[in-house]
Amino acid sequence: MNISPVEELFTLFNETALILQEELACSYLEALAETGENLFQGAILQEELSELTVKRLKKQYSEFSLDSFSNEDLRKAFQLVILKGMKENVQPNHQMTPDSVGMLIGYLVEKFMDKPSFRLLDPAVGTGNLLTTVINHSRKQITSIGVEIDDILIKLAYVNANLQGHPIQFFNQDSLESLFIDPVDAVIADLPVGYYPNDVRAADYQLKSDTGHSYSHHLFIEQGVRHTTSGGYLFFLVPNGLFESEQAPKLHEYIKDHLYIQGLLQLPTSIFKNKNTAKSILIVQKKGENIQPPKQALLVNLPSLSNAYEMDKILTKMEQWFQENKG
């Protein structure tokens with residue numbers, strides 16, 4: 001039976017992570033970051049390992065050459081082992097963007113960004129899966145930045161980027177604090193949904209709540225807009241009820257003042273655990289001199305992403321929209 005490259009890599013990542021997890025008495029995800037770093041550096045970096053463990057790891061590493069695998073194989077395999085680790089140690093902020101959605105966002109970024117090179121920010125980068133999906137599906141030169149508050153997730157993102165050879169600049173901090181970065185041409189984010197606990201910091205934002213905690217997903221939108229150049233595009237994965245919450249009126253006003261809505265693509269509920277967590281892709285453009293709104297926004301209700309016939313019809317409709325509005 002033929003084993004796919006992704007399965008080969010999964011086995012390598014998984015088995016070596018399990019060895020390190022046992023020897024270092026750490027979590028599976030921490031061990032995964034360690035084994036990924038060893039593979040990237042071509043050396044065993046953990047000094048506290050026994051001689052036998054070093055021999056076992058060297059033998060497993062020597063059977064693989066990362067250069068013989070594509071970036072997408074590396075990304076998918078690394079994503080699968082991360083998902084395995086997240087199932088074992090569930091944390092609410094450890095969620096990964098579904099692959100099909102990442103590819104769709106990659107397609108949209110490629111269609112909207114008509115420059116040969118651009119700067120891209122993901123202010124909720126997590127393990128880097130969405131960001132590297134977008135980079136892998138682009139033929140353009142992308143300089144990218146990722147911000148993440150969680151120590152383990154950003155270490156995994158850093159290893160993920162290294163294994164794929166992407167020189168991404170990472171910042172380990174609260175994304176809603178001041179970001180010391182140059183303006184970017186585009187932003188992508190699978191927005192963290194919920195309340196932001198830091199009311200003092202939230203007070204610096206127009207989209208702060210008048211009473212109680214502010215919505216972190218609203219603040220992330222504003223933070224993205226702050227760091228985008230005039231005419232830049234922002235691609236947000238947003239909850240379906242974004243414009244129906246009690247804090248929505250402020251968001252409506254903010255969007256009217258600063259942005260043009262380019263499109264809203266409602267994703268099929270079948271790819272989410274339940275209807276309440278279903279999301280859409282919101283595409284907005286930052287206003288600026290000589291920036292015109294589209295003749296009409298791209299509004300799409302996506303069918304099941306595995307339904308090739310229906311998806312083909314939708315993609316044809318979207319291509320037509322691009323010709324009429326971006327031509």
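Values below: every heavy atom of this structure, side chains too, minus hydrogens, waters and symmetry copies. We count residues from 1, following the sequence as given.
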Fill in: Straight-line distance of Asn198 CG to Leu176 CG, nearest 0.5 Å
9.0 Å
Practice prompt. Would you kindly check if the NZ (Lys) or CZ (Arg) of Arg56 is within the cone defined by 45 degrees around the ring axis of Tyr61 and under 6.0 Å from the six-membered ring centre?
Written response: no
Worksheet item: Is the gap between the ring centers of Phe220 and Tyr196 under 6.0 Å?
Response: no
Worksheet item: Between Ser138 and Glu110, is a side-chain hydrogen bond (donor to acceptor under 3.5 Å, both in side chains) present by the stated rule, with each step listed?
Response: CA-CA 6 Å; Ser138 177; Glu110 192 74 352; 2.7 Å; yes
Worksheet item: Counting only N and O atoms by type, is there a donor-acceptor contact under 3.5 Å from the side chain of Lys286 to the main-chain atoms of Leu259?
Response: no
Worksheet item: Do you reckon Leu282 sits in the same ILVMFWY cluster as Leu191, going by side-chain contacts under 4.5 Å, direct or chained?
Response: yes
Worksheet entry | CD1 on Ile188 to CG on Leu234, rounded to 0.5 Å | 11.0 Å
Worksheet entry | Distance (rounded to the nearest 0.5 Å) between Leu39 CG and Phe64 CZ | 9.0 Å
Item to complete: Look at atom CD of Gln141 and say whether more than 12 heavy atoms of other residues, nucleotides or ligands are closer to it than 6.0 Å.
Response: no
Worksheet item: Would Asn325 and Gln262 count as having a side-chain donor-acceptor pair, cut-off 3.5 Å?
Response: no
Item to complete: Answer yes or no: does atom NZ of Lys55 have more than 12 heavy-atom neighbours from other residues, nucleotides or ligands under 6.0 Å?
Response: no
Worksheet item: If you look at every heavy atom in Pro268 and Pro303, which pair is closest and at what distance?
Response: CG-O, 3.3 Å
Worksheet entry | Side-chain donor-acceptor pair present, Ser4, Glu7, cut-off under 3.5 Å | yes
Fill in: Hydrophobic cluster identity match, Ile82 and Ile19, side-chain contacts under 4.5 Å
yes
Fill in: Check against side-chain hydrogen bond (donor to acceptor under 3.5 Å, both in side chains), His227 and Asp182
CA-CA 7 Å; His227 291 280; Asp182 290 330; over 6 Å; no
Worksheet item: Does Asp73 use its side chain to pair, donor to acceptor, with the backbone of Val6 at less than 3.5 Å?
Response: no
Worksheet entry | Derivation and outcome, side chain to side chain contact (heavy atoms under 4.5 Å, CB included), residues Ile181 and Phe171 | CA-CA 10 Å; Ile181 61 170; Phe171 293 89; 3.6 Å; yes
Discussion item. Minimum heavy-atom separation for Asp122 and Ala189, please, with both atom names.
Written reply: OD1-CA, 4.0 Å
Item to complete: Over 60° means perpendicular and under 30° means parallel, so classify the ring planes of Tyr195 and His213, tilted if in between.
Response: tilted
Discussion item. Looking at Lys155 and Glu148, is any side-chain nitrogen of the basic one under 4.0 Å from a carboxylate oxygen of the acidic one?
Written reply: no
Discussion item. Less than 4.0 angstrom from a charged side-chain N to a carboxylate O is my criterion; do Asp210 and Lys250 meet it?
Written reply: yes
Practice prompt. Could you tell me whether the side chain of Lys140 and the main chain of Met113 form a donor-acceptor pair under 3.5 Å?
Written response: yes
Fill in: Sub-4.5 Å side-chain heavy-atom contact between Val147 and Asn172
no
Worksheet item: What heavy-atom pair brings Ser144 and Leu131 nearest, and what distance separates the two atoms?
Response: CB-CD1, 4.1 Å
Worksheet item: Near Gln41 CD, under 6.0 Å, is it more than 12 heavy atoms from other residues, nucleotides or ligands?
Response: yes
Discussion item. Between Ile105 and Val109, does the side chain to side chain contact (heavy atoms under 4.5 Å, CB included) criterion hold? Intermediate values first, please.
Written reply: CA-CA 6 Å; Ile105 291 174; Val109 170; 4.1 Å; yes
Worksheet item: Can you find a pair of side-chain heavy atoms, one from Tyr215 and one from Val193, that are under 4.5 Å apart?
Response: no
Item to complete: Answer yes or no: is there a side-chain heavy-atom contact under 4.5 Å between Val159 and Glu34?
Response: no
Fill in: Minimum-distance pair of heavy atoms, taken over all atoms of Tyr28 and Val81
CE2-O, 3.4 Å
Worksheet item: Between OG1 of Thr277 and CG of Asn240, what distance do you get to the nearest 0.5 Å?
Response: 9.0 Å
Worksheet item: Could you state the interatomic distance from CG (Leu83) to CG (Asn129), rounded to the nearest 0.5 Å?
Response: 8.0 Å
Worksheet item: Side chains of Phe235 and Val187: does their closest heavy-atom pair fall under 4.5 Å?
Response: no
Fill in: Short N-O contact, Asp204 and Arg201, less than 4.0 angstrom
yes
Discussion item. One pair to check against side-chain hydrogen bond (donor to acceptor under 3.5 Å, both in side chains): Asn160 and Arg75. What are the steps and the verdict?
Written reply: CA-CA 7 Å; Asn160 200 358; Arg75 182 191 66 74; over 6 Å; no
Worksheet item: Should Leu120 and Phe170 be counted in the same cluster of Ile, Leu, Val, Met, Phe, Trp and Tyr side chains packed under 4.5 Å apart?
Response: yes
Item to complete: Using distance alone, with no hydrogens and no angle criterion, decide if Glu23 and Thr53 have a side-chain donor and acceptor under 3.5 Å apart.
Response: yes
Discussion item. According to a hydrophobic-cluster definition based on side-chain heavy atoms being under 4.5 Å apart (Ile, Leu, Val, Met, Phe, Trp, Tyr only), do Leu130 and Val284 belong together?
Written reply: no
Worksheet item: What residue among Ile261, Leu264, Leu265 forms side chain to side chain contact (heavy atoms under 4.5 Å, CB included) with Leu299?
Response: Leu264
Worksheet entry | ring pair (Phe, Tyr, Trp, His ring centres under 6.0 Å) assessment of His252 paired with Phe243 | CA-CA 7 Å; His252 275 288; Phe243 295 112; 5.2 Å; yes
Worksheet item: Do Glu222 and Tyr205 pass the side-chain hydrogen bond (donor to acceptor under 3.5 Å, both in side chains) test, and can you show the C-alpha distance, the side-chain angles, and the key distance before you say yes or no?
Response: CA-CA 7 Å; Glu222 185 173 339; Tyr205 286 83; over 6 Å; no
Worksheet item: Between Thr269 (side chain) and Lys275 (backbone), is there a donor-acceptor pair under 3.5 Å?
Response: no
Item to complete: Would you check if the side chain of Glu177 reaches a backbone N or O of Asp174 as a donor-acceptor pair within less than 3.5 Å?
Response: no
Worksheet item: Can a donor-acceptor pair be found between the side chains of Asn136 and Gln164 at a distance below 3.5 Å?
Response: yes
Item to complete: Indicate yes or no for a side-chain donor-acceptor contact from Lys295 to the backbone of Glu324 under 3.5 Å, with no hydrogens or angles considered.
Response: yes
Discussion item. Looking at Asp185 and Lys115, is there a salt bridge between them, counting it only when a charged N and a carboxylate O are closer than 4.0 Å?
Written reply: yes
Fill in: Flag side-chain contact, heavy atom, 4.5 Å: Leu29 against Thr127
no
Discussion item. Tell me whether the rings of Phe112 and Tyr233 are parallel (<30°), tilted (30 to 60°) or perpendicular (>60°).
Written reply: tilted
Worksheet item: Can Val134 be reached from Leu153 by stepping across I, L, V, M, F, W or Y side chains whose heavy atoms are under 4.5 Å apart?
Response: yes
Item to complete: Run the numbers on Tyr107 and His137 for side chain to side chain contact (heavy atoms under 4.5 Å, CB included), then give the verdict.
Response: CA-CA 7 Å; Tyr107 163 81; His137 286 85; over 6 Å; no
Practice prompt. May I ask you to check whether Ser304 and Glu310 show a side-chain donor-acceptor distance below 3.5 Å?
Written response: no
Discussion item. Return the CD1 to NZ distance between Ile283 and Lys111, rounded to the nearest 0.5 Å.
Written reply: 12.5 Å
Practice prompt. Mind listing the closest non-hydrogen atom pair of Leu121 and Pro123 along with its distance?
Written response: O-CD, 3.8 Å
Fill in: Heavy-atom pair with the smallest gap, counting every atom of Gln247 and His218
O-CE1, 3.6 Å
Worksheet item: Under 3.5 Å, is there a donor-acceptor pair between the side chain of Gln21 and the main chain of Thr16?
Response: no
